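See below for the structure under consideration.
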Amino acid sequence: MTGRTLAYLAGIPVQQVKGLSGKRGADLAEAGVKTVADLLMHVPRRYIDRSTKVDLNAVPVGEEVTVLATVQNVSTRRPRRNLTIVEAQLSDGTATVKAVWFNQGFRARQLSEGAEVALSGKVERFRGRLQMKSPAVDVLQSGGESLVTGRVVPIHPGVGAAGPGYLRRAMHNALARSRPIADPLPADMVARLGLGARDTAFGSIHFPDALDDVAPARTRLAFDEFFRLEVALALTKRWNASQSVGIRHQTDGSVLDEFIGALPYTLTGAQVRVMEEIRRDLAGPEPMHRLLQGEVGSGKTVVAVASLLVGVQGGYQGAVMAPTEVLAEQHFRGIADLLDLAGMTPDAWPDPRGMVSLFEAAKTEGSHHEVRLALLTSNSARANFKDSITRPELLELVAAGEVDIVVGTHALIQEGVNFDQLGVAVVDEQHRFGVHQRVKLKEKGDAADPDLLIMTATPIPRTLSMTLYGDLDVSILDELPPGRIAINTWAVGGSDPELERVYRVVREEVAAGRQGYVVCPLVEDSPKVEASSAVAEHARLSRVFSDMAVGLLHGQMSPRDKDEAMAAFRDGKLDLLVATTVIEVGIDIPNAAIMVIEDADRFGLSQLHQLRGRVGRGKHQSQCVLIADPTTEEGKARIAAMVATTDGFRLAEEDLRIRGQGTVFGARQSGLSDLRVADILRDAETLIAARREAFALIDDDPSLDRHPAIRDEVRALLGDAVEWLFIS
Ligand code: ADP
Ligand code: MG
């Protein structure tokens with residue numbers, strides 16, 4: 001291997017690049033472009049091909065075009081407060097164009113006289129002269145030695161003081177000093193996959209001779225980026241297996257059989273298959289690390305409870321952890337209901353002092369099993385075996401191993417809750433349940449490490465699970481229980497006649513004996529404001545539907561009031577439930593056949609999908625009405641996607657497309673998945689190849705002793721996120 005390695009370049013601060021020593025370098029470092037390696041991966045966001053440029057004297061009026069021109073003069077006016085007008089006169093030798101920007105004062109600084117720029121936008125003809133209103137500007141050349149003599153001009157994304165013009169120059173210097181750049185991949189792998197050389201790829205992505213050179217260069221760099229990530233994930237997976245002592249659970253005891261046998265339905269094919277995958281993990285010597293994902297309503301709860309019961313029947317405890325207290329409460333409820341359905345709820349304890357003997361009695365009873373379930377959060381302590389219980393009492397019972405399944409938030413393992421013998425943990429996740437938490441979880445096990453099942457409430461695209469969850473095995477519930485009728489989704493604006501139409505449909509449904517939900521507008525980060533707006537909306541709708549029983553549910557109500565409202569709705573005493581997003585997950589009322597979501601464009605796609613999943617659970621045709629006057633493109637796209645499909649996996653991909661991977665990764669705690677070049681949607685094929693190659697490589701050379709260059713690169717570029725993997 002010849003040339004400089006990326007690992008080496010990752011040790012050189014970006015400020016050492018010529019032109020980046022001052023504020024520009026500092027701004028780059030601040031934005032995460034800290035080293036020369038980072039800089040080389042800061043790739044152009046687009047290219048301007050000068051061979052296909054349009055001459056001003058032949059420009060098509062009214063169409064979107066990019067023109068290249070030189071600034072002749074610039075002026076700024078402030079005709080009144082709050083209005084700044086920047087005007088520039090530009091020429092490309094064939095004609096001149098006037099460009100105007102309103103309240104974009106910074107343009108004046110961008111456009112020095114003599115600068116060569118690319119203007120993108122519509123050209124208009126005004127009194128015989130060409131004009132562009134607020135065009136996008138890319139400064140190609142602001143004076144000095146030209147780097148834009150080539151046919152293709154790269155436009156690097158500006159970072160603070162480092163605009164595209166400076167970046168182009170700095171990149172040129174950095175590349176010149178870094179090349180040749182060494183290739184850590186085995187030559188036969190590069191050849192087999194038809195990848196280009198790494199050195200060429202870096203050269204061509206920044207300064208391509210022709211636009212056609214860009215795609216292969218990007219593919220090579222995306223492959224490298226995915227490959228590093230997947231190597232780290234393969235190592236993590238191996239590490240999990242090697243560092244742990246698992247529990248060989250006893251998977252065919254009678255508790256599980258009794259539970260499954262008592263369900264009022266038979267498991268779907270997908271549930272049976274997934275249970276089999278989980279059983280195999282549970283029985284095996286290594287702890288399970290499995291991701292369970294499935295469509296809304298596909299029956300994940302049953303699978304989760306069945307997994308916990310495998311542990312319980314062998315004398316182990318189970319834990320269920322939710323991201324919020326509200327969700328923990330809902331899980332407790334859902335699991336309690338399921339156990340009830342299976343006839344496994346213990347009789348209430350008549351006398352706390354008789355506790356021990358009662359347990360003994362229950363345990364020796366034999367044919368009939370009772371499962372002791374508890375909810376333990378900072379606000380509440382509840383149990384299915386005792387009408388009221390205090391937190392200290394419950395903590396003691398959990399530590400003594402006298403509670404079978406404990407439901408709580410992620411704090412269950414982070415704080416001082418002691419288990420006697422934790423065997424299986426189910427994590428219902430919204431945020432990444434990271435390595436750190438897993439280590440905590442291992443500590444909760446006694447001699448052996450608990451098995452871990454991570455559930456996602458909504459489907460996620462395959463490419464995303466291969467990156468974010470790439471160290472986990474994946475089970476997918478891709479089948480809904482039989483008899484479900486597809487939900488009919490429609491969208492309306494918020495005008496009075498449109499609302500009247502929605503109300504009419506609600507009345508029809510209720511007249512036919514169905515029930516419905518109205519979800520109030522989301523108030524971000526303020527459950528209090530959200531609650532008060534729900535209260536107001538409840539009052540208003542109670543007048544609109546004066547002949548109906550209209551209930552209210554929001555997160556600020558006391559647990560007792562919430563339970564009461566839910567019970568009344570469940571029992572059919574309420575026709576309509578006005579609610580906040582507290583109903584998003586877990587609520588399961590088959591007679592509910594209409595879901596109305598107000599200001600629907602303000603919700604995220606997965607949230608909308610979850611909300612919609614609250615109907616369509618029974619034998620009735622259900623509908624979901626989205627009320628929205630979307631003002632943003634994103635809002636419009638989300639509404640359109642919801643109307644177009646009920647397939648959660650398709651919606652998840654659409655969501656990724658609309659939001660972009662940055663937002664998705666950004667919301668999660670993981671330094672591993674910050675991708676600079678690669679895009680998990682556009683480069684999906686490359687990702688799949690990189691994953692296959694990385695896992696094969698680690699199978700063959702688990703400690704990378706025979707591939708030191710790869711090891712060094714993963715370590716240098718992924719940093720702290722993987723450092724623990726290399727501590728032996
Ligand atoms: P998820 O958590 O995946 O959204 P749930 O576990 O809440 O789904 O299950 C949704 C509904 O489907 C519940 O009413 C549950 O009782 C029911 N259900 C689950 N499995 C089956 C099955 N195999 N046949 C019929 N109904 C089922
Ligand atoms: Mg559920």
Side-chain angles (χ1 to χ4, degrees), residues 256-257 259-278 290-309 320-324 326-345 373 405 407 426-430 453-460 474-487 515 517 566 569-570 581-593 595 605-620 622 624 646-649 651-652:
L256 183 61
D257 290 345
F259 172 72
I260 305 248
L263 291 175
Y265 41 76
T266 47
L267 297 183
T268 63
Q271 283 171 319
V272 170
R273 189 192 68 237
V274 167
M275 261 324 290
E276 209 30 61
E277 290 164 1
I278 293 174
R290 187 170 283 278
L291 176 71
L292 171 62
Q293 58 162 328
E295 186 54 270
V296 176
S298 60
K300 290 186 287 289
T301 316
V302 180
V303 171
V305 172
S307 312
L308 293 164
L309 291 182
V320 178
M321 286 167 276
T324 67
V326 174
L327 288 177
E329 273 179 43
Q330 284 173 13
H331 277 303
F332 173 74
R333 229 222 130 86
I335 296 172
D337 287 351
L338 258 180
L339 292 174
D340 233 8
L341 209 58
M344 293 178 146
T345 305
L373 172 75
I405 299 174
V407 183
V426 172
V427 178
D428 177 15
E429 97 143 13
Q430 277 182 350
L453 184 68
I454 296 180
M455 290 202 291
T456 58
T458 36
I460 54 177
V474 178
S475 286
I476 296 180
L477 285 175
D478 50 5
E479 184 184 345
L480 293 179
R484 297 273 171 83
I485 304 168
I487 301 163
Q515 291 164 283
Y517 302 98
M566 276 321 300
F569 192 67
R570 197 179 315 252
T581 49
V582 291
I583 65 155
E584 186 182 334
V585 178
I587 288 179
D588 185 21
I589 294 168
N591 192 47
M595 160 71 60
L605 253 188
S606 70
Q607 211 166 16
L608 289 171
H609 184 55
Q610 274 292 336
L611 287 169
R612 176 167 61 184
R614 297 311 107 202
V615 295
R617 298 183 153 248
K619 52 187 186 300
H620 315 290
S622 296
C624 174
T646 53
D647 180 333
F649 284 93
L651 282 173

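Model, not experiment: these values are computed from the prediction. First listed ligand is number 1; within each ligand, the first listed atom is number 1. Computed over heavy atoms, backbone and side chain alike; hydrogens, waters and symmetry mates excluded.
Between Val474 and Glu277 the shortest heavy-atom distance is O-OE1, 4.3 Å. Among all heavy-atom pairs drawn from Thr268 and Pro482, the shortest one is CG2-CD, 4.3 Å.
Between Asp337 and Arg570 there is a salt bridge, with a side-chain nitrogen of the basic residue lying less than 4.0 Å from a carboxylate oxygen of the acidic one. Between Arg333 and Glu329 there is no salt bridge, since none of the side-chain N atoms of the basic residue sits less than 4.0 Å from a carboxylate O of the acidic one.
Heavy-atom separations between Leu263 and ligand 1 are all 4.0 Å or longer. Residue contacts with ligand 1: Arg484 is included, with a non-hydrogen atom under 4.0 Å away. Using a 4.0 Å cutoff on heavy atoms, Gly297 counts as a contact of ligand 1.
Taking a cut-off of under 4.0 Å to the non-hydrogen atoms of Thr266, the atoms of ligand 1 that pass are 22 (C), 23 (N), 24 (N). Counting the atoms of ligand 1 from 1 in the order shown, those under 4.0 Å from a heavy atom of Val296 are 4 (O). Numbered from 1 in the order shown, with element, the atoms of ligand 1 that lie under 4.0 Å from a heavy atom of Ser298 read 3 (O), 8 (O). Near Leu267, with a cut-off below 4.0 Å to any heavy atom, the atoms of ligand 1 are 23 (N). Ligand 1 places these atoms under 4.0 Å from at least one heavy atom of Thr268: 23 (N).
Within the 4.5 Å cutoff, the side chain of Glu295 has no heavy atoms near those of the Leu477 side chain. No side-chain heavy atom of Arg617 sits less than 4.5 Å from a side-chain heavy atom of Ile589. Annotation: side chain of His609 is in contact with side chain of Val296 (closest heavy-atom distance under 4.5 Å).
Contacts between Glu295 and ligand 1 below 4.0 angstrom, taking non-hydrogen atoms only, involve the backbone exclusively.
Every N/O-N/O distance between Val302 and ligand 1 stays at or above 3.5 Å. Geometrically, ligand 1 and Thr301 share a nitrogen or oxygen pair separated by less than 3.5 Å.
Paired with Phe259 under the rule side-chain contact (heavy atoms from CB on, under 4.5 Å), one option of Leu308, Leu341, Val302 passes, and it is Val302.
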